[in-house]
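Before any comments, here is the structure.
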Amino acid sequence: MSKKIKLSELGSLFNGMDVEALEGVTIEGDIELEMDASGGLNPQLAYMLGHETAQIAQHLINISRLMGYPVDQLFGSMARAAVPGVARPQELLRSKFEVARMDEWKNPIQEVTLGATSADGGSRGRTITLGGENALPYYFDSPMPHRNYVTMDVFDMPIGMAKAVKVNYEDVIESPAEWAKKVVKDFNADMVTIHLISTDPNIRDTSAKEAAETVADVLQAVDVPIVIGGSGNPDKDPEVLEKAAEVAEGERVLLASASLNLDYERIAKAANQYGHVVLSWTQLEINAQKELNRKLMKQCSVKREDIIMDPTTAALGYGLDYAYTNMERIRLAGLNGDDELSFPMSSGTTNAWGARESWMVKSPLKEDSDWGAREYRGPIWEIVTGLALALAGNDLFMMMHPGSVAVLKEITQSLHGSLERDTVDISNWVTAEV
Amino acid sequence: MKINSPLEVYKYLPQTNCGECGEATCMAFGSHVIDRSLKLEDCTPLLEDKYKKKYLELGELMAPEIREVIIGVGEHAVTVGGDDVLYRHQLTFFDQPAFAIDVWDTMPESELVERVTFIRDFKKFYVGRFLRMDMIAVRSTSGDPGKFRDVVSKVMENTELPLILCSLDPEVLKAGLEVSAERRPLLYAATKDNWQAVADLVLEYDVPTVLFAPDDLDTLKSLASTFMEMGRYDLILDPGTNPQGNMLRESFENFLKLRRAGIKEGQREVAFPLMSVPLTAYLTGGDAVSSSYWETVLATVFTVRYGDIMILHSIEPFALLPEMHIRDTIYTDPRTPVKVEPKVYEVGSPGKDSPVIVTTNFALTYYTVESDLASNGIDCYLLAADTDGLGVEAAVAGGQLTGQNISDEFKKVDFDFNEKTGHNTIILPGLGARLQGDLEDATGMNVLVGPQDSGQIPPWMDKNWPPKPK
Ligand code: B12
Ligand code: SF4
């Protein structure tokens, strides 16, 4: 079989493709390239037609193959074999790389400050500011004004924890104040979250007043900004958070959370009255997030600088695909001008410990390869879950394992550009002895 | 893709509505071409000579912004690149990143074989399939072509996974190619110093190659332009993966810049798959666990942001599992939840005394429940109710799982309780407790509520099965 291709046909093929070899080549009349299936492109023919034509032929074949055209059947062995006469350039074709900055990101994310020092009527040693971004996290389009922060979980009663987590807290599990001190001093927590889970009527039904005392203890024990979390019981939480907001007056805590399935108005009101920030929590649904934020602002008069969002964190392997994309869409919408979504975000990264891979001794499936030691699986599950969300736009991380906190901080601060580390020569990594 | 509406695709199709592609109309076919669920070649008439010009033109218009590069041959071949968008919600990402694990030519042979076998066989079940590693990267640490050739051969004897031949010395690469060219390995790498000799190899052996220009996008682009000039389009770009500090930030930026230039600005010289080398985590001098953790961290960063192929070192399961999962997370198609066929499945070999259990057809839910049952030797009938791929709680909350539709589902698949069972009992998931009354009304069966987590079913069964007669 022999196949004839007219050079004039090449034009339409190359149309729109940046084929440099064609530039400056004028083709007069129709030359037919004869491609013999049996023996590749005749070298003599290539010679006669000149080097450029041979190059064009090669381009044609490559491009056609690239586009899925069955050239290999058409030309038989020809297409596989290297084409003699395709000389490589002697010199590198020098070119410069440039790329534009994003021009559609015009709307900055709201800055929100947590904690208040004595100058502002609080007693915190320092404050933490989130938000203010003009670009996706760590993008070169615009510097990210604040790094990511981590708030570590403290519970007001002993709870079930994965073994790898528990070993770190056994000595403080009975005392929220000691627990809080430990995460700040030993584990470098930027903030502390006190979860008032014992208030749940189905758990201990601790009164709002007692819970408020726990909050006061924690505020006394540490001087970092704090988050106050309810038990998640929609009937009890408003009352618990109101009381907690009262004892924390002036400290600019984050009240977690206002959600659509409870009386968010009461929580918003408590925040307004005692000078706190509201965590606006929805479940993986961008429109619900818009709705709740709008209600907080319009109906409850919460100021923009007093809102942080929690769009829900699902663990790696258990819905992180939804959580990741939900956050990325929310952040992009905010940057592109949606003022109902342009708030800093917080993630309950601790949810990663719900994934079986993070706590099970071994795989429940015999077909699986060995999962290895679980002490190492849990922390990395929490890290990867958090890191993916950091890249999607999340600002604040609620976490549990000290090792996870250390690594997540290291990577987010590296990407943020706030960590000096030695430069490593990577040019010859191939031969490295590792 | 240069066009994005089915109508535009339609213009290039035969417009006969012949149905050969499996779609009722050419227009319907067009919309599948746009969402990339069908290929142009599925329209066989279009491949006929008389449509050749249209086929080629359409092929060019529909080509993904980021070129696809194929490495390897046969069923193990991997395709990388192929993306059309910067964010997965805008369509979906195609061709998940290929993960290669390294071996090196100064390894003792027994260790080498053991490592290759481990990489080849490592697998984790996830929603109906196994997650695995894809390739082996053979590094020349000795610099000796003979040794390299031997190790490449040894690797090939033990696995059919595609190879990356890693050396900056063209003599070494050539030695590797001599024994492996048939398998279409990927060369690593052409640099500003060795590109001529590597180009000769690429032309001679017709293999894909990586272009490596650490921290220097001008040179990277120059290398790409030069290789394109030679008619080579199966290129992969490595802008360098610095493992830490501000240089890591710079590497991250380079990935963003290259991908933005390729997709948003249509700069063809850089619209190639990108390679990241998280293995550089091991150059920082940390202990084995820290390095392995850090490598996983780098792999995560570059899986999320635009790495298409990676070279990794750690074979610790605690590194491999999250790496495979984050890749799946980012590359799963956000347009449709992964679901299983809604029907009654038989787990083990159920008989008349076996329980009938309800769950949903969300793949993650179904396979979690199924594996909990199977691995504990519980024979049963398991209904994967059609919730359109939602898990139990979301489906209950959203109304896709109700007493009535569970009842309908059993009818739809003709599940005859009297014939199959002797107990007239259905077990609901704990998170579906509130459907109990409705389901009893709809079916007239006895409905039990199981525990919240299917992992708790075995102890629950010990207490509650067989059901006590009322
Ligand atoms: C991912 C997710 C989504 C995804 C859905 C993904 C999917 N394909 O299902 C999306 C984003 C689409 C979604 C949407 C919604 N969601 Co949603 N979602 C989640 C999330 C984060 C994870 C759910 C999940 O995948 N779990 C993993 C799977 C494997 O679990 P599972 O199906 O329940 O199976 C387990 C058990 O049920 C049990 N089991 C299963 N079968 C059986 C059978 C028997 C016999 C037994 C004994 C046990 C058993 O074992 C399994 C393994 O542990 C949860 C919160 C959370 N972290 O749990 C919220 C959650 C389920 N969602 C919730 C809500 C409210 C919604 C929405 C209504 C939000 C909205 N306003 O739009 C919508 C509903 C959508 C719809 N139905 O139309 C609520 C439900 C609250 C409630 N209890 O009523 C939750 C709990 C969040 C919350 N805390 O508020 N969601
Ligand atoms: S096979 Fe081609 S011509 Fe026939 S219906 Fe499908 S798209 Fe139209």
Side-chain angles (χ1 to χ4, degrees), chain A residues 13 16 18 20 58-59 62 66-69 80 82 86 88-89 92-97 99 138-140 316-317 320-321 324-325 328-329 357 364-365 367-372 376-377 380-381 383-384 387-388 391 407 411 414-415 417 419-421 423-424 426-427 429-434, chain B residues 56 59-60 63 87-89 122-125 139 141 166-168 199 203-204 206 214 217-218 221-222 225-226 229-231 233 240 242-249 252-253 256-257 260-261 268 277 280 282-284 293 296-297 300 304 313 316-318 321-322 325-326 329 332 334 371 375:
Chain A
L13 274 176
D18 190 9
E20 275 152 48
Q58 184 63 23
H59 272 312
N62 282 314
L66 200 79
M67 298 189 307
Y69 198 69
R80 279 271 128 203
V86 173
R88 59 166 166 75
L92 213 51
L93 301 176
R94 286 277 161 203
S95 43
K96 261 201 110 37
F97 176 82
V99 71
Y138 327 121
Y139 273 48
F140 56 94
L316 177 63
L320 181 61
D321 46 336
Y324 170 85
T325 280
E328 189 168 70
R329 289 180 62 199
E357 288 77 355
L365 287 178
E367 294 83 6
D368 273 5
S369 299
D370 190 348
W371 281 9
Y376 297 124
R377 266 188 268 124
I380 193 83
W381 224 260
I383 294 164
V384 172
L387 177 52
L391 291 160
V407 176
I411 183 63
S414 301
L415 294 174
L419 266 193
E420 280 305 326
R421 290 284 180 266
T423 297
V424 174
I426 55 164
S427 61
W429 69 266
V430 170
T431 58
E433 298 280 349
V434 296
Chain B
L56 288 176
E60 190 186 308
Y87 311 107
R88 62 190 286 276
H89 66 266
F122 190 85
K123 61 180 183 176
K124 178 182 192 276
F125 188 77
R139 296 192 292 130
T141 41
C166 306
S167 173
L168 301 185
L203 291 170
E204 184 182 344
D206 187 24
L217 299 184
D218 290 342
K221 184 175 170 189
S222 304
S225 308
T226 310
E229 174 68 16
M230 290 178 263
Y233 298 93
N242 285 283
Q244 62 186 10
N246 278 318
M247 289 305 289
L248 167 56
R249 182 184 157 85
F252 178 75
E253 278 182 7
L256 300 179
K257 286 178 175 168
R260 183 183 295 175
R268 302 200 64 85
V277 184
T280 57
Y282 283 83
L283 306 181
T284 61
Y293 257 54
T296 311
V297 160
T300 301
V304 173
H313 177 70
E316 292 288 354
F318 67 75
L321 298 178
H325 272 289
I326 189 65
T329 297
T332 194
S371 81
S375 64

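So that the names make sense, note that chain A is the first sequence line, chain B the second, and so on, each numbered from 1.
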Open item on the list: Looking only at heavy atoms and a cut-off of under 4.5 Å, which of B:Thr284, B:Leu168, B:Thr280, B:Ile326 has the most pairs with chain A?
Closed with: B:Ile326
TODO: Output the option from B:Thr296, B:Val304, B:Thr329 having the highest count of non-hydrogen pairs under 4.5 Å with chain A.
DONE: B:Thr329
Task: Leading residue by heavy atom contact count with chain A [cutoff under 4.5 Å; candidates B:Thr141, B:Leu256, B:Asn242, B:Thr332] - done: B:Leu256
Task: Toward chain A, the part of B:Phe125 with a non-hydrogen atom under 4.5 Å - done: both
TODO: With a 4.5 Å cut-off on heavy-atom pairs, point out which of B:Gly245, B:Ser222, B:Ala199 contacts chain A the most.
DONE: B:Ser222
Open item on the list: Please classify the contact of A:Glu357 with chain B as side chain, backbone, both or neither, using a heavy-atom distance under 4.5 Å.
Closed with: side chain
- [ ] Say whether, by atom type as modelled, one donor and one acceptor occur between the side chain of B:Arg88 and the main chain of A:Asp321 under 3.5 angstrom.
- [x] yes
Open item on the list: If I measure from the heavy atoms of chain A, does B:Pro334 come under 4.5 Å with its side chain, its backbone, both, or neither?
Closed with: neither
Task: Max heavy-atom pair count under 4.5 Å with chain B, selected residue of A:Ile380, A:Val407, A:Thr325, A:Ile411 - done: A:Ile380
Open item on the list: Report which part of B:Ser371 has an atom under 4.5 Å of a heavy atom belonging to chain A: side chain, backbone, both, or neither.
Closed with: both
- [ ] Give a yes/no verdict on a cation-pi contact between B:Lys257 and A:Phe97, requiring under 6.0 Å between NZ or CZ and the six-membered ring centre and an angle within 45° of the axis.
- [x] no
Open item on the list: Between the side chains of B:Lys124 and A:Asp368, is the shortest nitrogen-to-carboxylate-oxygen separation below 4.0 Å, so that they form an ion pair?
Closed with: no
- [ ] Determine the minimum heavy-atom distance between A:Trp371 and B:Pro317, stating which atoms define it.
- [x] O-CB, 3.2 Å
Open item on the list: Ring centres under 6.0 Å, that's the criterion: do B:Phe318 and B:Tyr293 meet it?
Closed with: yes
TODO: State, to 0.1 Å, how close A:Pro89 and B:Thr226 come at their nearest heavy-atom pair, and which atoms those are.
DONE: CG-CG2, 3.8 Å
Task: Residue, of A:Val384, A:Ile383, A:Leu415, that accumulates the most heavy atom pairs under 4.5 Å with chain B - done: A:Leu415
TODO: Measure A:Tyr324 against the heavy atoms of chain B and call it side chain, backbone, both or neither at under 4.5 Å.
DONE: side chain
- [ ] With a 4.5 angstrom heavy-atom cut-off, could you sort out which part of B:His313 is near chain A: side chain, backbone, both or neither?
- [x] side chain
Task: Selection from B:Arg260, B:His325, B:Met247 maximising heavy-atom pairs under 4.5 Å formed with chain A - done: B:Arg260
TODO: Report, as yes or no, whether the 6.0 Å neighbourhood of atom OH on A:Tyr376 holds more than 12 heavy atoms from other residues, nucleotides or ligands.
DONE: no
- [ ] Looking only at non-hydrogen atoms, find the nearest pair between A:Arg377 and A:Gly372 and report the distance.
- [x] NH2-O, 2.8 Å
TODO: Keeping the roles fixed (side chain from B:Arg139, backbone from B:Cys166), state whether a donor-acceptor pair exists under 3.5 Å.
DONE: no
